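All values reported here derive from a predicted model rather than from experimental measurement. By convention in this document, chain letters (A, B, ...) are assigned in the order of the sequence lines, proteins followed by strands, and residues within each chain are numbered from 1.
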Amino acid sequence: MQFTAQQISALLNGTVEGDAMVAVDKLAKIEEAGPGALSFLANPKYEQFLYTTNASAVIVNNDLVLTAPVKATLIRVENAYSAFSILLEQYNTLKLNKSGIEEPSFIHPTATIGKNVYIGAFAYIGPNAKVGDNTKIYPNTYLADNVTVGSNTTLFSGVKVYFDCVIGNNAIIHSGAVIGSDGFGFAPNPDGSYKKISQIGNVIVEDDVEIGANTAIDRATMGSTVIGKGVKIDNLVQIAHNAEVGKNTVIAGQAGIAGSTKVGERAVIGGQVGLAGHLTIADGSQFSAQTGVNHSVKEADKQWGGSPHLPLKDYLRAHVNIRRLPDLEKRITELEKIIAQLHSNNQ
Amino acid sequence: MQFTAQQISALLNGTVEGDAMVAVDKLAKIEEAGPGALSFLANPKYEQFLYTTNASAVIVNNDLVLTAPVKATLIRVENAYSAFSILLEQYNTLKLNKSGIEEPSFIHPTATIGKNVYIGAFAYIGPNAKVGDNTKIYPNTYLADNVTVGSNTTLFSGVKVYFDCVIGNNAIIHSGAVIGSDGFGFAPNPDGSYKKISQIGNVIVEDDVEIGANTAIDRATMGSTVIGKGVKIDNLVQIAHNAEVGKNTVIAGQAGIAGSTKVGERAVIGGQVGLAGHLTIADGSQFSAQTGVNHSVKEADKQWGGSPHLPLKDYLRAHVNIRRLPDLEKRITELEKIIAQLHSNNQ
Amino acid sequence: MQFTAQQISALLNGTVEGDAMVAVDKLAKIEEAGPGALSFLANPKYEQFLYTTNASAVIVNNDLVLTAPVKATLIRVENAYSAFSILLEQYNTLKLNKSGIEEPSFIHPTATIGKNVYIGAFAYIGPNAKVGDNTKIYPNTYLADNVTVGSNTTLFSGVKVYFDCVIGNNAIIHSGAVIGSDGFGFAPNPDGSYKKISQIGNVIVEDDVEIGANTAIDRATMGSTVIGKGVKIDNLVQIAHNAEVGKNTVIAGQAGIAGSTKVGERAVIGGQVGLAGHLTIADGSQFSAQTGVNHSVKEADKQWGGSPHLPLKDYLRAHVNIRRLPDLEKRITELEKIIAQLHSNNQ
């Protein structure tokens, strides 16, 4: 898809400086852009690149004052950053603009399929499953019996959703994510073996949630594992049975939440963080990467680090001291020697 | 599926108190149950909920003495907890009661398929693969050449089993799990690049094993990576080539076991624990979450924590002290000042 | 496939001692080998097993001097280890010698397919995708629009590659790996919710790369996430948007690299290591398992451990001291007592 600077400018209500007919067919950062690319300049720190860039066109703020000649065509707009964001979004929408039902796919006769959906080849829509309007189910994706997927939602290739689970509207679930696998529940037998506890609950993923690649969210033993509205979950995250994650909480890659833990709203959980089971985590809690959380957090909006977790500042200060431990011990030994001597002198 | 309290009671050899014809169609916890739900009361701590629950029917112990009026129909049995467990199991069995071969699926002419199996659409059964009686292979699952899967085993949607691997009876493998990918083995070349070492062994998963979603178990270089009878593995666990996991060991989410490590029987490995390669771990060892194990554990039935691992008690005590390090240092500095003064006084 | 010792010997330019007609049909370690197995002896430490092994044939060095009678047929070669490696490789090549296009598969009419490829059933080759010569796309694998896969590359079952991504030649990607999922990028809204930042870049996987099972590599926001030539990545690894991994770097299982971090060449990243975002890591850096890296590493070829990371030696020494903290505190308390007494004596 090729556009002229003129066409882009018209779309953004901008004005063109330079060759209005120059054609662009890709978007790029100003410091990396080559011929045919459209870029933008919003942060003054990057202004130097404007005078050297090979981009064919650059979106800039109306009030930018040039301090040197520019090779690229300029498109002046009120706010270059948000104008470019709009283009990014439209580019992405075009790229992901799939619709129709590809063959072979498996749609059970009892399933309900909304309008204007995309169902890729080798996708499986099980008995009584529901797929809302404008929703995209990519190839090799599996919806088991009674699964409900809302409207305007995208399930990328290879997502697996177990029976009875519910996915909301405007959600995005990336490839390989598994929603509704059995919770990890076993009761010990007298002979040391374990008996499986049946997991008959489900997972509810509310509206506007994004779930990363190969993340696993287990179904509840009874009731629901709940991912609240607007939650954003990165790749390879583990969320165990009966966990609940509050609205707008963000969970980075490879973090894990053990069974029945309730995380509040607006929390920020760093990469590789682990939360033990049956905890309650206050709203707005922030855990730095690799934190291990073994007891509940009651005060909201605090920062934590270490394993087991401490207030982040305490943790960082203690960590500095850990490195100085050999030195501390030398000082103690030295004191002991002096004192032994003083002591003998004094006796 | 709707049942009356009378029907449930007959199934459990119970007696009904209240409306025997009330209908239930779901199972729920007593504190969350609504109309149409069947619940249970086993733990006396929850008795308060019996008098306020909206459940239509509640299973209780024969010897329960009511202290207030109850709205729900009661089903009295010898042991409410185990009676309810039986119902959970039966519910789950009904939910997962799939059979037959869906089309399109791929079953190689040289594959052997047992009786009463389920093979979902887009499942792939490769050359010389064997699937035992009553086994379920869900949609989009892949069994490569010469794979053997026992009887009464369930492979959920999207499981991938590489060639020559063996899965036992009564096993459950959840979506996205990969069994038999190449071990991570490379030999350095003089130019800094690596040469792949061929991985020609396999994975043996013994009977009664459960493996969680998106877990990866690598094939042995030669010989077998072995998951012993009754082992339970959670989601997103990594088990490297030639590892062996002893009978009835439990491994929580996101834990990792490096190459050639032998874990004993009845061990309990917490979430995000890492075991280095070529270790031997004694029977009944317990590792708390995020433990890093860098040397073998010879004593059985001990608890460990920290990274590198320490006896759990030592680790927890040391961790408390870490937080007090800045204070310890102040005390040392104070002592040094006093001593310097004493010293000068004494000279 | 059965071969005689004579046939194997001819293949390896060896000489046979014993029954040249004995048949072998598998490869095994000398200490585990049974009848019908071919084994090898390279390391003198294992020589004892030569006299007790049940292997039918054993490859040994020309210069090996027997010190006891041997039951197995011997095949003498110049270098037993490399001769056996050649057999391993050939065995593996035979095992994975798939070709042809299985049905049903989905190949978009605009896709370009090279010569001598394997495309398994339920594989999906999207619009404008390119698959190079001798490349194998296993069943249930997904290549989205405009994906390019080079020659002699293997994508095992269930790999998912998002649109516009590029995979090089001689690469191996294991089951469940996801290449090109959206980077984890969101901008906060005033009401506490997040707005998705479109991720329009791609992933470039260069030649000779191996990527483990269920690993996830996110596409760049703009530009490319780059996995350099010869990089080896284990299972369940997370690589975030705009990360770059230099040539011949090795990344062990469950490690994670956050957004925009640049890792140099020849680095060795241990299991469960986490690298924070926007860092630069010098060539040849080595991180022991579970290290947490929160600032850039500028010196090349150093070893690191701990979280946050310290020079490995410092970390290990400090860790020893952590365990002795309660003892250190006792010594300080003891000193304080003595000094208090000395002090009062002195006044």
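- Between the A:Q272 side chain and the C:V273 main chain, a donor and an acceptor come within less than 3.5 Å of each other.
- For a residue to count as touching a neighbouring chain, one of its non-hydrogen atoms must lie under 4.5 Å from one of that chain's; by this rule C:P127 touches chain A with the side chain only.
- A:E32 has its side chain out of reach of C:M222: every pair of non-hydrogen atoms, C-beta onward, lies at least 4.5 Å apart.
- Between the side chain of A:N214 and the main chain of C:L236, no donor-acceptor pair closer than 3.5 Å is present.
- Heavy atoms of A:H319 lying under 4.5 Å from chain C belong exclusively to its side chain.
- A:S85 does not touch chain C: none of its heavy atoms, backbone or side chain, sits under 4.5 Å away.
- Once rounded to the nearest 0.5 Å, the distance linking OG of C:S193 with NZ of A:K232 reads 8.0 Å.
- Looking at C:A255, the atoms closer than 4.5 Å to chain A (heavy atoms on both sides) all sit in the backbone: N, CA, C or O.
- At a 4.5 Å heavy-atom cutoff, the contact between A:K98 and chain C is made by side-chain atoms alone.
- For the 3.5 Å distance criterion, the side chains of C:Y124 and A:E102 qualify, holding a donor opposite an acceptor.
- For the pair A:N140 (side chain) and C:F122 (backbone), a donor-acceptor distance under 3.5 Å is present.
- C:Q238 contributes no side-chain N or O that, together with a main-chain N or O of A:N235, makes up a donor-acceptor pair within less than 3.5 Å.
- Contacts between A:I251 and chain C at a heavy-atom distance below 4.5 Å involve the backbone alone (N, CA, C, O).
- C:Y142 contributes no side-chain N or O that, together with a main-chain N or O of A:F156, makes up a donor-acceptor pair within less than 3.5 Å.
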